[in-house]
Amino acid sequence: MESGTNWYKDAFCKLHFDMHTPSHIADIASGFDPDEFARRLRIASPDAICFFAKSARGWAHYPTRIGAAHPHLKRDLLGEAIEACHKAGIKLIAYYCIEVIPPPIAEAHPEYLARGANGEPVKTGGEGFISCVNTPVQEELILPQLKEILENYDVDGIFFDGFPAMHRICFCEGCRRSFGKEIPNGPDHPNWREYVVWQRNRLNEWCSETARFIHSIRPDVLVGVNWLAANRYADVPPPGVDYLTADYPVSDNCSLGTSYQLAAWCWRDLPCDVMNARMLGWWSDWTFRPSAALKTEFAASIAYCCPLFLGDLLPPDTSLPDVHAMELAGEAFKFARAREDLVREAAPIADLALVNSSADHLLRGRSPSRDETALRGAFLAAVEGGYTAHILLDIDLAENLSRYKAVLMPEAAYLCEGACRAIREFVAEGGGLIVCGPVPKGVDGDSLEDVLGVRVEGEAEDDCAFLRVPDGLAHMWPDWEPVRPWVLVLGRFQKARLEGAEELMGSVAAGSPVGSEAALAWYLSPPATIPINTSAPSSLAL
Ligand SMILES: [Zn+2]
């Protein structure tokens, strides 16, 4: 991308239109009318939309000489939509599903396909097949098709989808050759750790290579990859991408989810957003979220100084947005635009830095995606405690920690090289430190034992224990809650000897008489000065 031309953050209100249409749908886009399309868009008044070039069924929504157009598509839907949008002053991002290819291409090119452990091609839930970017599909289909789109259509950006699906374990010849060892069949295989590192490096390279290719043809076109560098991958964005985005699961708590993901992205240099959606259940239903829900989700984005992205669906026959959906979007966008000036030149700040440890994921993870339970729990505890929080990777700490008042480490047994030193220096300068879970060790041999004032002495025998805010801290317990309960905390506690730290709360092993001595679980090192919400331990110690 040319410097100074990244328009993504300025496109405050964006719409995405899903239309994954299988081949048996005979009537696709027959009722499309570009003028009516523009008229309906104006009801919502987006700055940009995301519109299909190639769907997650693998079919192109334009006449293509490289890929395969939907068999019943009789018009240049992408081209007509671009012209209508640009006439209306709306930018268009072309949606391109990376990995799904339709049957005609899969049958002609079995060498493009991802393979299971048994060597069989990997299929989607529908008619499509899953390709692997480590096969010739990259040079022979993906890049030429992108070139075709970029040279023939005045698109303003590319939205790649399918990144999570690219994290499958693939046994194709290209992967086997590139990895250079036996592909592991699961996390207990001796090559697993090496494979996960290789896979994430390879996928990051794919993002950078492909973005470079796009920019070599159209430097002005922005490139984003759905879910790239999200919390679940505990990784930094690779060079070349122009914006970060993720279509957050519709059925989840999207306000919290939006905050949780943007907390990790908003402080970086790249523009970012989380895609919320109009529907209640999942992407293929035609229900409507209440406008209050959309406004709440948008408020979460605005609080992180981020633009908005709202997902909608198009019916295949007309490919026109529902007027009521546009009215709903328009109302929610109006709410947001009234607050746009507050965040346009603003930078988000926070008191707490939560650590998402990349080293911990790579050393202990049992999936290419991180187990986010502890991080999400810590984020929720911070939010419920009234604290503002950003999420930093361990890789980010040395450079960025000084901006925060305290750092919170949820279940980070391992930290990357230099991270313990960065935290030690941060605490020495007066920063607060909360460790929840094991005392972190650096992969460089460093540890936070000295900073915390404890010495680890193995693990407790039980895999759960009880914690209770003690009498000495009872004044911090909220008045509205008459009972200070013993809270069951699952997980194996570390035993530790105090070497300068003060015990605030002892844990009680399951089955022990309440009040007995037990493994210590909760520490605040002496330099930690931030007040602790007394309801936090039960939420934090996940
Ligand atoms: Zn492969």
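Owing to the predicted nature of the structure, the values given are computational and were not obtained by experimental measurement. Order of appearance sets the numbers: ligands from 1, and atoms from 1 within every ligand.
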Fill in: Polar protein atoms near the Zn ion (ligand 1) [N, O or S; cut-off under 2.8 Å]
C132 SG, C170 SG, C172 SG, C175 SG

Worksheet item: Side chains of N6 and D242: is there a donor and an acceptor less than 3.5 Å apart?
Response: no

Fill in: Pair R202-E205, salt bridge (Lys or Arg N to Asp or Glu O under 4.0 Å): steps then yes or no
CA-CA 5 Å; R202 178 64 200 106; E205 279 168 19; 3.5 Å; yes

Worksheet item: Just wondering, are more than 12 heavy atoms of other shown residues or ligands nearer than 6.0 Å to CD in E111?
Response: yes

Worksheet item: Does CD in E80 sit with more than 12 non-hydrogen atoms of other residues, nucleotides or ligands closer than 6.0 Å?
Response: yes

Worksheet item: Run the side-chain hydrogen bond (donor to acceptor under 3.5 Å, both in side chains) check on H361 and N356 step by step: do they pass?
Response: CA-CA 9 Å; H361 170 50; N356 185 11; over 6 Å; no

For residues 228-235, which side-chain donor-acceptor pairs fall under 3.5 Å, sequence neighbours excluded?
from	atom 1	to	atom 2	distance (Å)
N231	ND2	Y260	O	3.1
D235	OD1	R200	NH2	3.4
D235	OD2	N204	ND2	2.8

